[in-house]
Participant: 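The structure under discussion is supplied below as structure tokens; questions concerning it will follow.
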Protein chains: 2
Amino acid sequence: MIRLAIAEDHQSLIDGIKLLLEYEDNISIIGTANDGKELLEIVDKKQPNVVLTDIRMPKMDGIQATKQIKKKYPKINILAFTMFEQVEAIEQMIDAGASGYILKNSSLKEVHKAILTVAKGETYFDANINTNVLNSKSKNKTKGILTKRQIEILELIGQGKTSREIADLLFIGIHTVDTHRKNMVRILGLKGKGELMRYALEKKYKF
Amino acid sequence: MIRLAIAEDHQSLIDGIKLLLEYEDNISIIGTANDGKELLEIVDKKQPNVVLTDIRMPKMDGIQATKQIKKKYPKINILAFTMFEQVEAIEQMIDAGASGYILKNSSLKEVHKAILTVAKGETYFDANINTNVLNSKSKNKTKGILTKRQIEILELIGQGKTSREIADLLFIGIHTVDTHRKNMVRILGLKGKGELMRYALEKKYKF
DNA sequence: ATGAATATACCTAGTAATGGGTATTTTTTT
DNA sequence: AAAAAAATACCCATTACTAGGTATATTCAT
């Protein structure tokens with residue numbers, strides 16, 4: 001299930017997209033915004049997993065918003081929504097961490113397909129625009145997300161240790177352990193210690 | 001580390017065993033009792049993983065005590081400690097769930113070895129007594145411990161679900177889920193939801 | 001059909017975890 | 001040297017879990 005947030009300064013366009021997408025049963029539009037700041041609020045509150053955002057917007061543009069979102073929630077996939085062939089802005093979006101871009105005058109089918117593609121963690125580059133984005137630093141690939149310390153704590157969580165025990169083992173405060181745990185839950189897009197532990201144990205079997 | 005509880009009606013014998021075993025650094029004597037009822041209390045309170053018990057004792061004999069302990073804590077391994085060649089009583093002990101037996105007049109080395117053996121989950125039958133225990137129903141092998149419902153709940157715990165979520169999924173009360181969880185933690189000899197979850201996930205990878 | 005085992009449900013008090021923050025120090029990168 | 005990232009620590013209110021119980025229906029085997 002895709003939880004989609006949309007940011008676009010022309011409300012009429014948002015209404016149009018909502019109309020077009022609300023009959024797709026695998027996409028749920030969980031919030032819309034008319035500028036970048038609003039988008040950040042929605043992301044914090046509604047926890048989307050995909051964001052479709054305009055680049056040029058009031059208060060905060062899509063590039064800044066993308067940077068902020070990817071910094072705090074690296075797992076959220078962002079699709080740039082652009083009216084004109086603003087090659088430079090598009091490249092900045094990709095550098096900021098967007099997973100792709102699509103023209104506003106694309107068909108519903110194409111928009112839908114683009115959303116599905118980035119939702120899977122893949123990239124989607126609209127074929128009607130010529131950019132050298134493919135040669136760009138495609139670094140934001142959501143890998144090696146966790147820090148050494150976080151991995152260390154994750155492993156102990158995977159051993160069934162409580163926060164208190166981990167704190168004692170690593171000679172740090174329990175608050176610190178809690179903070180790391182919280183950060184990991186957020187970064188990995190999970191729902192609490194239960195899933196975090198599951199994640200920890202699954203990783204072990206994969207490496 | 002072996003947490004040993006001893007039950008024996010002759011206090012002088014208990015003192016002797018304590019003297020003999022207290023210098024073994026892998027065995028910790030966590031409690032002693034002079035009859036079967038006392039033994040049950042100690043097991044509840046101190047959570048031993050190995051019990052060395054006389055067969056003939058006041059108030060409750062070793063056979064009854066063994067049955068009760070194995071019913072509540074199947075993971076605890078019980079070693080019968082017998083003075084004479086009471087073949088029939090020994091066979092009853094084995095049927096009750098004991099992992100083996102040893103004569104009281106054995107050397108420290110032998111007693112120590114017997115304790116280490118049953119602690120590993122193996123059986124130990126004193127070679128100086130002739131019984132046909134080996135042909136007896138050696139059923140109490142601590143396998144298939146959990147009931148269907150418990151396994152069902154364990155799997156959901158392994159998926160990172162909370163008790164509340166499990167209760168809703170199975171259309172039962174949260175109290176019931178808690179009770180099942182408690183029972184599993186006790187039966188499997190674990191230390192809480194963390195280890196229970198670990199257990200659940202490890203089982204999955206084994207079958 | 002009677003008894004044992006299982007599954008169900010509730011109680012209480014205490015501890016742990018969660019999900020919002022904020023803030024400081026240390027380390028790393030630019 | 002300044003900026004960014006990582007690690008550290010704390011607060012608060014709410015929810016979840018723990019560890020003791022008890023108790024009552026089912027279900028299953030003898």
Side-chain angles (χ1 to χ4, degrees), chain A residues 41 43-47 67-68 70-74 96-97 137 139-140 144-154 156-157 160-198 200, chain B residues 40-41 43-47 67-68 70-74 97 139-140 144-154 156-157 160-198:
Chain A
E41 284 169 29
V43 166
D44 267 332
K45 284 177 192 157
K46 302 288 191 61
Q47 305 272 111
K67 279 183 186 163
Q68 306 262 29
K70 290 301 273 191
K71 183 173 159 189
K72 200 163 178 188
Y73 307 96
K137 329 131 192 174
K139 52 196 174 183
N140 292 70
I145 301 172
L146 299 178
T147 65
K148 270 166 286 179
R149 195 57 154 178
Q150 286 172 339
I151 289 167
E152 201 178 355
I153 289 168
L154 187 55
L156 291 169
I157 288 173
K161 300 268 195 298
T162 64
S163 294
R164 174 78 268 156
E165 290 169 334
I166 294 169
D168 291 344
L169 279 168
L170 300 180
F171 305 105
I172 57 179
I174 190 170
H175 306 292
T176 310
V177 177
D178 281 345
T179 301
H180 282 304
R181 187 172 39 67
K182 272 188 293 187
N183 288 339
M184 285 189 276
V185 165
R186 175 173 47 70
I187 290 169
L188 298 172
L190 304 175
K191 265 181 248 159
K193 196 196 168 187
E195 293 194 356
L196 190 57
M197 182 161 205
R198 193 177 160 70
Chain B
L40 293 187
E41 283 170 28
V43 166
D44 267 332
K45 284 178 192 158
K46 303 289 191 61
Q47 305 273 114
K67 279 183 186 162
Q68 306 262 30
K70 291 301 272 191
K71 182 175 159 187
K72 201 163 177 188
Y73 307 97
K139 52 196 173 183
N140 291 71
I145 301 171
L146 298 178
T147 64
K148 270 166 286 178
R149 196 56 155 178
Q150 286 172 339
I151 289 167
E152 201 177 356
I153 289 168
L154 187 55
L156 291 169
I157 288 173
K161 300 269 194 296
T162 64
S163 294
R164 173 79 269 155
E165 290 169 333
I166 294 169
D168 291 344
L169 279 168
L170 300 180
F171 305 105
I172 57 179
I174 190 170
H175 308 292
T176 310
V177 178
D178 282 345
T179 301
H180 282 303
R181 188 169 41 65
K182 271 188 293 187
N183 288 338
M184 285 189 276
V185 165
R186 175 173 46 70
I187 289 169
L188 299 171
L190 304 175
K191 264 180 249 159
K193 195 196 169 186
E195 293 194 357
L196 190 57
M197 180 167 222
R198 192 177 159 70

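The basis for the numbers below is simple: all heavy atoms, side chains too, and nothing from hydrogens, waters or symmetry mates. Residue numbering restarts at 1 for every chain, and letters A, B, ... go by the order of the sequence lines.
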Participant: Does B/E195 use its side chain to pair, donor to acceptor, with the backbone of B/K191 at less than 3.5 Å?
Facilitator: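 Between the backbone of B/K191 and the side chain of B/E195 there is a qualifying donor-acceptor contact (under 3.5 Å).
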
Participant: For a side chain to side chain contact (heavy atoms under 4.5 Å, CB included) check, start with the C-alpha distance between A/L170 and A/L156, then their side-chain angles and the critical distance, and finish with the verdict.
Facilitator: CA-CA 10 Å; A/L170 300 180; A/L156 291 169; 4.1 Å; yes

Participant: Considering only side-chain heavy atoms of A/T179, which listed nucleotide, C/dC10, D/dC10, D/dT18, is closest?
Facilitator: D/dC10

Participant: Given A/S163, which partner from the list A/R181, A/H175, A/K193, A/H180 fulfils the side chain to side chain contact (heavy atoms under 4.5 Å, CB included) test?
Facilitator: A/R181

Participant: Base, sugar-phosphate or nothing for A/T176? Non-hydrogen atoms, less than 4.0 Å.
Facilitator: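 Touches a base.
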
Participant: Calculate the interatomic distance between B/D178 atom CG and C/dA9 atom P; express it in whole Å.
Facilitator: 12 Å

Participant: Quick one: B/N183 CG to D/dG21 C1', roughly how many Å, whole number?
Facilitator: 12 Å

Participant: Apply side chain to side chain contact (heavy atoms under 4.5 Å, CB included) to the pair A/I172 and A/R149, showing each step before the final yes or no.
Facilitator: CA-CA 11 Å; A/I172 57 179; A/R149 195 57 154 178; 3.3 Å; yes

Participant: Have a look at B/K71 and say if it touches a base, only the backbone sugar-phosphate, or nothing, with a 4.0 Å heavy-atom cut-off.
Facilitator: sugar-phosphate

Participant: Verify the contact: side-chain N or O of B/H175 to OP1 or OP2 of C/dT8, cut-off strictly under 4.0 Å; return yes or no.
Facilitator: no

Participant: Just how far, in rounded Å, is P of C/dT18 from CD1 of A/I157?
Facilitator: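 Distance, rounded to whole Å: 8 Å.
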
Participant: For B/M184 and D/dT18, give me the distance from atom CE to atom P, rounded to whole Å.
Facilitator: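 Rounding to the nearest Å, CE of B/M184 and P of D/dT18 are 11 Å apart.
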
Participant: Which comes earlier along DNA chain D counting from the 5' end, the contact point of B/G194 or that of B/K148, where each point is its nearest nucleotide?
Facilitator: B/G194

Participant: Counting the atoms with a prime plus P, OP1 and OP2 as sugar-phosphate, which does B/T162 contact under 4.0 Å by heavy atoms, base, sugar-phosphate, or nothing?
Facilitator: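 Touches sugar-phosphate only.
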
Participant: OP1, OP2 of C/dT8 versus side-chain N and O of B/R149: anything below 4.0 Å?
Facilitator: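 Yes, B/R149 has a side-chain N/O under 4.0 Å of OP1/OP2 on C/dT8.
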
Participant: Heavy atoms only, 4.0 Å cut-off, all strands: where does A/R181 land among base, sugar-phosphate and nothing?
Facilitator: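 Counting heavy atoms under 4.0 Å across all strands, the contact made by A/R181 includes a base.
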
Participant: Within less than 4.0 Å of OP1 or OP2 of D/dA5, is there a side-chain N or O belonging to A/T147?
Facilitator: no

Participant: When all nucleic acid strands are considered with a 4.0 Å heavy-atom cut-off, which category describes B/K182: base, sugar-phosphate, or nothing?
Facilitator: base

Participant: Quickly work out the A/I174 CD1 to C/dT18 C1' distance and round it to whole Å.
Facilitator: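 It is 12 Å, rounded to the nearest whole Å.
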
Participant: Check the pair B/R164 / B/D168 against salt bridge (charged side-chain N to carboxylate O under 4.0 Å, His left out), numbers first and verdict last.
Facilitator: CA-CA 6 Å; B/R164 173 79 269 155; B/D168 291 344; 3.2 Å; yes

Participant: What's the CD-P distance between B/E165 and C/dA17, to the nearest Å?
Facilitator: 17 Å

Participant: Base, sugar-phosphate, or nothing: which does A/S163 touch, judged by heavy atoms less than 4.0 Å apart?
Facilitator: sugar-phosphate

